[in-house]
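Inspection log for the structure reproduced underneath, given as structure tokens.
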Amino acid sequence: ALDLIDSTTSALDSNLKGVVSVQSIWTQLVNLGETFDRAVEAEFVHQSSEALLRHDGPISENGQEATEVNLRLRHLCQCLVTRGRLRAALNPTLRDVLLSHMKKAIRQHAKALLQELGEPKESNGDHGDHGDQGEQDKADTKVETVTAVD
């Protein structure tokens, strides 16, 4: 489909450049190509981030799935390279998505660790101690500080 769009746009641009009646067709083809580029870039970012940030373990655990993901990413990369859009997809688009996911994961882990460290120790029998609330407030403040770094 992209080859057809590119060849038709090229033919219209070179062979029929002065014909006014084909200008709208040329514009529509260019817009269609740009829409396709954005869709491929979005799919590449989505598939790449899913593959890199997979939560259920390494991608190589399921051989069939790994092969399908690798093949899909390879086709998307080839398409982006052919269209000259790979650099734009990698930087800043994919980079920003990955940084966002990593910040979210770090915040969640930091909050969980701080809450774990701030939990009252029941084994000491200090159920009525109000000092633990101060520790929880400190933990919440630390999480807010980590969150504010965004």
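One-based numbering along the sequence shown. For the numbers below, each heavy atom of this structure counts, side chains included, while hydrogens, waters and symmetry mates do not.
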- Task: Only counting residues at least two apart or in another chain, list the ones meeting salt bridge (Lys or Arg N to Asp or Glu O under 4.0 Å) with Arg85.
- Result: Glu41

- Message: Could you check whether any side-chain N or O of Ser49 sits under 3.5 Å from a backbone N or O of Val45, counting only pairs where one atom can act as donor and the other as acceptor?
- Response: yes

- Task: State which residues pass salt bridge (Lys or Arg N to Asp or Glu O under 4.0 Å) with Arg72; sequence neighbours excluded, sorted by chain then number.
- Result: Glu43

- Message: Do Leu90 and Leu99 sit in one hydrophobic cluster, given that two such residues count as connected whenever their side-chain heavy atoms are within less than 4.5 Å of each other, even indirectly?
- Response: no

- Item | CG-CD1 distance between Leu32 and Ile5, expressed to the nearest 0.5 angstrom | 4.0 Å

- Task: Could you tell me whether the side chain of Arg83 reaches within less than 4.5 Å of the side chain of Asp6, counting heavy atoms only?
- Result: yes

- Query: Does any N or O in the side chain of Ser7 come within less than 3.5 Å of the main-chain N or O of Leu4, such that one atom is a donor and the other an acceptor?
  - Reply: yes

- Could you pull out the closest heavy-atom pair between Arg95 and Asn91, with the gap in Å? NH1-OD1, 2.7 Å

- Message: Does His101 have more than 12 heavy atoms from other residues, nucleotides or ligands lying within 6.0 Å of its NE2?
- Response: yes

- Item | Contacts of Gln108 that satisfy side chain to side chain contact (heavy atoms under 4.5 Å, CB included) - sequence neighbours left out | Lys104

- Atom pair CG/OG of Leu73 and Ser48 - distance to nearest 0.5 Å: 4.5 Å

- Message: Please check: side-chain N/O of Ser100 versus main-chain N/O of Asp96, any donor-acceptor pairing under 3.5 Å?
- Response: no

- Message: Return the CD to CG distance between Glu116 and Leu113, rounded to the nearest 0.5 Å.
- Response: 6.0 Å

- Query: Do Trp26 and Val30 have side chains that get closer than 4.5 Å, going by heavy atoms?
  - Reply: yes

- Item | Separation between NZ of Lys111 and CD1 of Ile106, rounded to the nearest 0.5 Å | 16.0 Å

- Query: Less than 4.5 Å apart, any side-chain heavy atom of Phe44 and any of Thr93?
  - Reply: no

